[in-house]
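Dumping the structure here so I can ask a few things about it.
Within every chain, numbering begins at 1; the chains are lettered A, B, ... in the order of the sequence lines, protein sequences first and strands thereafter.
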Number of protein chains: 2
Amino acid sequence: MLPDQRREKIVEYAENNGFASLQQLAELLDTSESTVRRDLEYLDGKGQVRRTRGGIAYVGESLTDFEERTTRALSQKQRIGRAVAELIEPGDSILLDGGTTTLEVARHLVNRPLQVVTNSLPIAQLLVNSPETELILIGGYMYPKTGVALGPIAVEALRTIRVRRLIMSVGGITKEGMFNSNSLLVEAEQRMLETAEEVIVAVDAGKFGRNALSKLCDLDRPDRIFVDSGLNENWKDILSSKNVEMTIVE
Amino acid sequence: MLPDQRREKIVEYAENNGFASLQQLAELLDTSESTVRRDLEYLDGKGQVRRTRGGIAYVGESLTDFEERTTRALSQKQRIGRAVAELIEPGDSILLDGGTTTLEVARHLVNRPLQVVTNSLPIAQLLVNSPETELILIGGYMYPKTGVALGPIAVEALRTIRVRRLIMSVGGITKEGMFNSNSLLVEAEQRMLETAEEVIVAVDAGKFGRNALSKLCDLDRPDRIFVDSGLNENWKDILSSKNVEMTIVE
DNA sequence: AATAATATGACCGATATTGATTGAATATGA
DNA sequence: TCATATTCAATCAATATCGGTCATATTATT
């Protein structure tokens, strides 16, 4: 097997399982631990994966990525995306955060007369040739896996922008608030929150009760949350007690 | 089997499988490893496929298919792109302007250890998943036709950036200087000129003697110009009298 | 047909990768 | 704390791959 191919498989395996031990990988790839060790060193050096004693852990959206793979979660994302897009009115100016859910929203915005601001490369790619849509891209350091622009350049660019609606997704929601896994991302998203009149959060129910690294904002900060019908009653009560408008998509 | 036919099969196989080893290919095509090796060198040179030790990996979306079959001017662009890319050293920080010629340069930068700054969406798309390459995207208003970011946001972002080399292409070159067709673009490019230690212009010979809307800079502003061999002697004299280093690609 | 130009396959020294081994560093558990 | 068991980083010999060269075969041109 080719070295690059092997490394790709390692990343893939780590993505799916969140963690992988040296032995597992050596057996899976039918190679020696030495080689795996060298590969991990290489991949870690590049930030694709984080080494831990005895193996590796996937860095980034590990848990969510896994869930995204399941078709059920995906089709829910699509439904959520459509529902959010239906809310958008002609001539709106909207800010689209990166993420697979917001990408689903963007799919429904092609060829609609809108001003769209985004820091997501895939979303920009989708909308750049949409004739009716005026597209403004937020630049910055490109985070490789998800293709979103982060860092000081992104934050600075967001300072000069005002939009009617922000559509964002988050990595986890607990009673303490909304979370995401990457602190650079959270910093950019906090700036986004300041630029929008109305904040809309689009998540699948699986994110509720799950924690992540950095706190993004309080639970009552969004004006509206779009979520699929998998949300349990307890959470519905909590949200309505916080005066967050909720749209259950099915 | 014809060489071109054989190469086409190699690309096809790589597309389908993601990876292909030398041995696999040699067997599949019923030819020697030497020949396959030469083919891979050729295909890698065109950016259609990425060589890795022991074989090849398929690289990104094949815009190439479309461009491959077009005029001679394009293959000159490819050659220029390759020549410019050879100049770039590991660890360099470079700023890539938008345009088809610079896109050809970018094809040869995939998987090389570099810091790349660009305002071009297609170039970003090409490099975002190149693991060795750190990518910084300049945002702004997206100009639909060419997919480059322009306007005040782009200009502002460029103010905070310094790079070793700027690689740009221009719409026209006359004795009065370099020109481009869009004044927003020229404004951004003038800012780019300020951020780079060394300015490299990559153009095909057809641009010489041609005018365009907005003046970008004087003829002697670039440190180096890459151009194909179609450039006539008169222009060579003019450029050398201006102390611009010239590389004739062929 | 003769010649030139190009493509091919085999070979070889240089280089990179691999797997095993070792002692050092770190974690585990009494 | 100490003893034991893992895991780690470094090293080395064996192996695989690379780039270049050369003789031969194929194709194009005169």
### Query
Within this structure, what is the CZ-to-C1' distance between A:Arg53 and C:dT28, rounded to whole angstrom?
10 Å
### Query
What's the CZ-C1' distance between A:Arg51 and D:dC8, to the nearest Å?
7 Å
### Message
If you count every heavy atom of other residues, nucleotides or ligands that lies below 6.0 Å from B:Tyr143 atom OH, does the total exceed 12?
### Response
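Open.
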### Message
Once salt bridge (Lys or Arg N to Asp or Glu O under 4.0 Å) is applied, what residue pairs with a partner in residues 183-193 of chain A remain, sequence neighbours excluded?
### Response
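Checked against salt bridge (Lys or Arg N to Asp or Glu O under 4.0 Å) - neighbours excluded - the pairs reaching residues 183-193 of chain A are A:Arg191-A:Glu194.
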### Query
Nearest-Å distance, CD (B:Gln5) to P (D:dT26)?
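Nearest whole value for this atom pair: 17 Å.
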### Query
Rounding to a whole Å, what distance do you find between B:Phe19:CZ and D:dT17:P?
15 Å
### Query
What's the CG-C1' distance between B:Leu22 and C:dT17, to the nearest Å?
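Answer to the nearest Å: 15 Å.
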### Task
Just do the salt bridge (charged side-chain N to carboxylate O under 4.0 Å, His left out) check on B:Lys236 and B:Glu233 with the steps written out, would you?
CA-CA 5 Å; B:Lys236 290 184 191 171; B:Glu233 294 301 324; 3.2 Å; yes
### Query
Would you say the side chains of A:Thr174 and A:Glu176 form a donor-acceptor pair under 3.5 Å?
yes
#### Entry: Test ring-ring contact (aromatic ring centres under 6.0 Å, His included) applied to B:Phe179 - qualifying residues, sequence neighbours left out
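B:Phe179 satisfies ring-ring contact (aromatic ring centres under 6.0 Å, His included) with no residue once adjacent residues are dropped.
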### Task
Using five pairs at either end of the helix from C:dA1-D:dT30 to C:dA30-D:dT1, determine the angle between the two local helix axes and round it to 10 degrees.
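Inter-axis angle at the termini of the helix from C:dA1-D:dT30 to C:dA30-D:dT1: 40°.
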### Residue from A:Thr31, A:Thr35, A:Asp39, A:Asp30 passing side chain to side chain donor-acceptor pair (under 3.5 Å) with A:Arg6
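By the side chain to side chain donor-acceptor pair (under 3.5 Å) criterion, A:Arg6 pairs with just one of A:Thr31, A:Thr35, A:Asp39, A:Asp30: A:Asp39.
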### Task
Return the 5'-most residue of the pair A:Gly54, B:Gly54 with respect to DNA chain D, ranking by each residue's nearest nucleotide.
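Its nucleotide being nearer the 5' end, the pick is A:Gly54.
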### Query
Given C:dA7, is OP1 or OP2 found less than 4.0 Å from the side-chain N or O atoms of B:Arg7?
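Result: no.
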### Query
When the distance from CG of B:Leu25 to P of D:dC18 is rounded to whole Å, what number comes out?
11 Å
### Query
Can a side chain N or O of B:Gln23 be found less than 4.0 Å away from OP1 or OP2 on D:dT17?
yes
### Message
Going by the rule side chain to side chain donor-acceptor pair (under 3.5 Å), which residues pair with B:Arg164 if we only count those two or more places apart in sequence or in a different chain?
### Response
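In terms of side chain to side chain donor-acceptor pair (under 3.5 Å), with neighbours along the sequence ignored, B:Arg164 is linked to B:Asp92.
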#### Entry: Spacing of A:Leu40 atom CG relative to D:dT7 atom C1', expressed in whole Å
12 Å
### Task
Respond yes when some side-chain nitrogen or oxygen of A:Arg6 is under 4.0 Å from OP1 or OP2 of C:dT18, and no when none is.
yes
### Salt-bridge present (B:Asp44, B:Arg50; N to O < 4.0 Å)
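No salt bridge links B:Asp44 with B:Arg50.
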Which atom pairs link the protein and nucleotides 9-11 of chain C when you take only N or O atoms and keep those under 3.5 Å?
{"unit_1": "C:dG9", "atom_1": "OP2", "unit_2": "B:Thr31", "atom_2": "OG1", "d": "2.4"}
{"unit_1": "C:dG9", "atom_1": "OP2", "unit_2": "B:Ser32", "atom_2": "N", "d": "3.2"}
{"unit_1": "C:dG9", "atom_1": "OP2", "unit_2": "B:Ser32", "atom_2": "OG", "d": "3.1"}
{"unit_1": "C:dG9", "atom_1": "OP2", "unit_2": "B:Thr35", "atom_2": "OG1", "d": "2.6"}
{"unit_1": "C:dG9", "atom_1": "N7", "unit_2": "B:Arg38", "atom_2": "NH2", "d": "2.6"}
{"unit_1": "C:dG9", "atom_1": "O6", "unit_2": "B:Arg38", "atom_2": "NH1", "d": "3.3"}
{"unit_1": "C:dA10", "atom_1": "N7", "unit_2": "B:Ser34", "atom_2": "OG", "d": "3.0"}
{"unit_1": "C:dA10", "atom_1": "N6", "unit_2": "B:Ser34", "atom_2": "OG", "d": "3.4"}

#### Entry: Results of side chain to side chain donor-acceptor pair (under 3.5 Å) for B:Arg224 - residues two or more places apart only
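In terms of side chain to side chain donor-acceptor pair (under 3.5 Å), with neighbours along the sequence ignored, B:Arg224 is linked to B:Glu245, B:Thr247.
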### Query
Between atom OH in B:Tyr42 and atom P in D:dG19, what is the gap in whole Å?
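Roughly 18 Å, once rounded to whole Å.
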### Task
Identify whether any heavy atom of B:Thr52 sits under 4.0 Å from a base atom; if not, whether one sits that close to sugar-phosphate; answer base, sugar-phosphate or nothing.
sugar-phosphate
